[in-house]
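These notes concern the structure reproduced below.
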Amino acid sequence: QVLLAESGGGSVQSGGTLTLSCAFSGPEYSRWCMAWFRQGTGEEREAVMGITNGGRTQYHSDSARGRFTLSQDNAKNTVSLRMNNLKPEDTGVYFCAAGPTCNVDTFAQRSLYHYWGQGTQVTVSS
């Protein structure tokens, strides 16, 4: 059984920075593809960034490119999303997800992820 717990959400002004963390509990952390999704009010949940099993490759959405970065702490089984230059359109609930595999063509597919956290709210004001 895998459990995911997000933390680090909050309210910032446009141009600000937030770092979200996802704590992974369960077996074999390194075998999972980890990703961050976000969901705005009335919108579909969309992928933001993903990192492959073992952390060799990262994937990002167009909106995240150049602003967001992922990092992993394999000793603590955590994956963090650092978000710079935040914009109001980045507002939403951010979810951590774990799936058995991912690549550049699949990391954004919600159906491939087996486990999800409860989400953490990010609000960016203009």
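Keep in mind that the numbers below use all heavy atoms, side chains included, and drop hydrogens, waters and symmetry copies.
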Where do Val93 and Thr120 land on the side chain to side chain contact (heavy atoms under 4.5 Å, CB included) test, with the steps shown first?
CA-CA 5 Å; Val93 180; Thr120 185; 6.0 Å; no
Please lay out, stage by stage, how Arg65 and Asp62 fare under the test salt bridge (Lys or Arg N to Asp or Glu O under 4.0 Å).
CA-CA 5 Å; Arg65 183 178 290 114; Asp62 289 342; 3.0 Å; yes
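Looking at Asn84 and Thr17, their side chains do bring a donor and an acceptor atom within 3.5 Å of each other. Defined by atom type and a distance below 3.5 Å, a donor-acceptor pair is present between the side-chain atoms of Gln72 and Tyr29. Between the side chains of Ser21 and Ser80, at least one donor-acceptor pair of N or O atoms lies under 3.5 Å.
No side-chain heavy atom of Ile51 sits less than 4.5 Å from a side-chain heavy atom of Met49. Residues Tyr59 and Asn103 form a side-chain contact, since some pair of their non-hydrogen atoms from C-beta on lies under 4.5 Å apart. Looking at heavy atoms from C-beta onward, His114 lies in side-chain contact with Pro100 at the 4.5 angstrom threshold. Within the 4.5 Å cutoff, the side chain of Thr69 has no heavy atoms near those of the Met83 side chain. The shortest distance between side-chain heavy atoms of Phe24 and Leu4 falls below 4.5 Å. Residues Trp36 and Glu6 have side chains in contact (heavy-atom distance under 4.5 Å, counting atoms from C-beta outward).
The two residues Val48 and Phe68 come nearest to each other via the heavy atoms CG1-CD2, 3.4 Å. Nearest heavy-atom pair, Leu20 versus Val122, reported as atom, atom and distance to 0.1 Å: CD2-CG2, 4.0 Å. Nearest heavy-atom pair, Trp116 versus Arg110, reported as atom, atom and distance to 0.1 Å: CZ2-O, 3.7 Å. Across Ala108 and Phe37, no two heavy atoms sit closer than the pair O-CE2, 3.7 Å. Heavy-atom minimum distance, Ser14 versus Ser126: CB-CA, 4.1 Å.
Separating the OG1 atom in Thr123 from the CD atom in Gln121 is a distance of 4.0 Å, to the nearest 0.5 Å. Here Met34 contributes atom CE and Leu81 contributes atom CG; the two are 11.5 Å apart, rounded to the nearest 0.5 Å. Note that CG of Asn77 and CD of Glu28 are 11.5 Å apart. Values are rounded to the nearest 0.5 Å. With rounding to the nearest 0.5 Å, the separation of OG1 in Thr106 from OH in Tyr113 is 6.5 Å. How far OG of Ser11 is from CG of Leu18: 8.5 Å, rounded to the nearest 0.5 Å. How far CG of Leu70 is from NE2 of His60: 10.5 Å, rounded to the nearest 0.5 Å.
In the hydrophobic cluster analysis, where Ile, Leu, Val, Met, Phe, Trp and Tyr join through side-chain heavy atoms closer than 4.5 angstrom, Val79 is grouped apart from Phe95. Cluster annotation: Phe107 and Val104 are assigned to the same hydrophobic cluster (Ile/Leu/Val/Met/Phe/Trp/Tyr, side-chain heavy-atom contacts under 4.5 Å, transitive).
Under the rule for a salt bridge (charged side-chain N to carboxylate O under 4.0 Å, His left out), the partners of Glu46 that lie at least two apart in sequence or sit in another chain are Arg38.
Not a single donor-acceptor pair under 3.5 Å links the side chain of Arg56 to the backbone N or O of Thr52. Proximity of a side-chain donor or acceptor of Arg45 to a complementary backbone N or O of Gln39 within less than 3.5 Å is not detected.
Under the disulfide bond (SG atoms under 2.5 Å apart) criterion, the residue pairs touching residues 71-126 are Cys22-Cys96, Cys33-Cys102, with sequence neighbours excluded.
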